[in-house]
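Below is one structure, written out as structure tokens; comments come after it.
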Amino acid sequence: MPAVSQVASEVVRQIFDRVASDLSMLADRDITVGEVTYEERSDRAVGQGTVHIAYRFGVRTGGDAVEHGVLLVPLSESIALAGYLMMAPDDQVAEMRGKDEVEASVREAMLEVGNFVAAAAEAALRGLGAKCERVIFEGCQGVRADVRPTLEYEDGQPLAVGRSTFAVAGEPAAEVIVMLPLDGYLGA
């Protein structure tokens with residue numbers, strides 16, 4: 001595996017681990033990460049079967065250069081993460097997960113989850129020596145099932161894609177996807 005691919009693979013793994021660890025601590029609920037798989041592809045991956053929330057982030061690599069990435073989480077897990085971050089009890093989170101509409105307070109908490117995603121990406125990139133001045137959370141996007149999330153990147157360029165599962169507070173595990181451009185900012 002080329003050196004840049006090795007770094008990208010480790011960055012992806014660490015993003016999953018750091019997001020789960022940080023949010024577990026803050027929400028006082030277990031978030032377990034399943035096995036991480038890594039692939040390189042030239043198109044954006046899709047979240048299958050259900051609506052997902054795309055937590056978008058920008059990697060500032062120097063000057064005006066920004067690389068864009070995304071963590072794609074199923075809506076029900078995003079709601080649970082937001083609810084537990086709001087310190088809601090288990091029964092209230094279960095009720096929130098079952099609603100068709102996402103309340104304003106939950107949307108605000110999802111934005112806070114996005115800040116933790118960006119912080120996890122920054123820690124992973126810096127810890128592995130990537131060219132990273134800062135990682136900025138760029139907002140959330142609801143994405144229909146089987147639709148590619150918006151990602152500022154040129155179609156056809158290589159992407160580092162990691163897949164894993166998050167099991168939030170003992171609920172069944174759901175697939176989570178992270179994507180970042182496979183580029184020179186990763187080093188090597």
Side-chain angles (χ1 to χ4, degrees), residues 11-39 41 43-58 68-121 123-124 135 137-151 159-180:
V11 165
V12 162
R13 188 188 65 71
Q14 284 193 22
I15 288 173
F16 287 130
D17 288 346
R18 289 173 187 266
V19 166
S21 174
D22 291 354
L23 290 174
S24 288
M25 182 179 60
L26 289 167
D28 196 27
R29 298 292 189 289
D30 286 334
I31 301 169
T32 56
V33 179
E35 180 181 343
V36 176
T37 61
Y38 174 79
E39 66 179 317
R41 50 190 297 161
D43 62 340
R44 293 164 287 149
V46 299
Q48 297 181 340
T50 187
V51 171
H52 283 67
I53 299 297
Y55 294 95
R56 298 180 305 197
F57 55 89
H68 300 277
V70 66
L71 178 70
L72 200 56
V73 180
L75 177 60
S76 63
E77 279 63 36
S78 292
I79 289 170
L81 292 171
Y84 288 128
L85 199 60
M86 295 166 46
M87 301 299 173
D90 292 334
D91 59 336
Q92 186 179 356
V93 170
E95 183 181 318
M96 286 190 273
R97 286 176 86 145
K99 290 184 178 179
D100 292 334
E101 293 282 321
V102 178
E103 296 174 8
S105 61
V106 175
R107 282 195 300 267
E108 287 179 33
M110 282 181 180
L111 293 174
E112 283 303 312
V113 169
N115 286 320
F116 287 103
V117 168
V135 177
F137 173 56
E138 296 180 327
C140 295
Q141 171 196 15
V143 183
R144 291 184 310 236
D146 307 312
V147 172
R148 299 183 197 296
T150 299
L151 179 63
L159 283 172
V161 178
R163 295 175 187 270
S164 188
T165 57
F166 278 4
V168 180
E171 291 292 323
E175 184 180 58
V176 180
I177 303 168
V178 69
M179 291 178 266
L180 357 140

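The side-chain heavy atoms of M110 and L75, taken from C-beta on, include a pair separated by under 4.5 Å. Two residues are said to be in side-chain contact when any heavy atoms from C-beta on lie closer than 4.5 Å; I15 and L180 meet this criterion. Within the 4.5 Å cutoff, the side chain of S76 has no heavy atoms near those of the E171 side chain. Between V73 and V113, the closest side-chain pair of non-hydrogen atoms is not below 4.5 Å. Between V168 and V93 there is no side-chain heavy-atom pair separated by less than 4.5 Å. Annotation: side chain of H52 is not in contact with side chain of P149 (no heavy-atom distance under 4.5 Å). At least one side-chain heavy atom of F116 sits less than 4.5 Å from a side-chain heavy atom of L26.
In this structure a side-chain-to-backbone donor-acceptor pair under 3.5 Å is present from S164 to G34. Of the possible polar contacts, none joining the T165 side chain to the E175 backbone as a donor-acceptor pair under 3.5 Å is found. Between the R163 side chain and the T37 main chain, no donor and acceptor come within less than 3.5 Å of each other. Judged purely by atom type and a 3.5 angstrom limit, S21 has no side-chain atom pairing as donor or acceptor with the backbone of D17. In this structure, the side chain of E77 does not engage the main chain of F166 through any donor-acceptor pair within 3.5 Å.
The two atoms that bring D146 and G49 nearest to each other are OD1-N, 3.4 Å, heavy atoms only. Of all heavy-atom pairs spanning R18 and A123, the tightest one is NH1-CB, 3.2 Å. Between R41 and R44, the shortest heavy-atom distance links the atoms NH2-O, 4.0 Å. A pairwise comparison of heavy atoms in I31 and S24 identifies N-OG, 2.9 Å as the closest pair. Taking each heavy atom of V36 and V33 in turn, the nearest pair found is CG2-CG1, 4.3 Å. Between I177 and A45 the shortest heavy-atom distance is CG2-CB, 4.1 Å.
Residues forming a side-chain hydrogen bond (donor to acceptor under 3.5 Å, both in side chains) with E138 (at least two apart in sequence, or on another chain): H68. Residues passing the side-chain contact (heavy atoms from CB on, under 4.5 Å) test with A27, sequence neighbours excluded: Y84.
Sorted by first then second residue, the salt bridge (Lys or Arg N to Asp or Glu O under 4.0 Å) pairs that include residues 105-118, not counting sequence neighbours, number zero.
Annotation: the span from I53 atom CD1 to L111 atom CG amounts to 10.0 Å, rounded to 0.5 Å. In this structure, I79 CD1 and M96 CE are separated by 8.5 Å, a value rounded to the nearest 0.5 Å. Between R29 atom CZ and D90 atom CG the span is 4.5 Å, to the nearest 0.5 Å.
At most 12 non-hydrogen atoms from other residues, nucleotides or ligands lie less than 6.0 angstrom from CZ of R144. Few gaps surround CG on D91; more than 12 heavy atoms of other groups in view lie less than 6.0 Å from it. The environment of CG in D30 is sparse: at most 12 heavy-atom neighbours from other residues, nucleotides or ligands sit within 6.0 Å.
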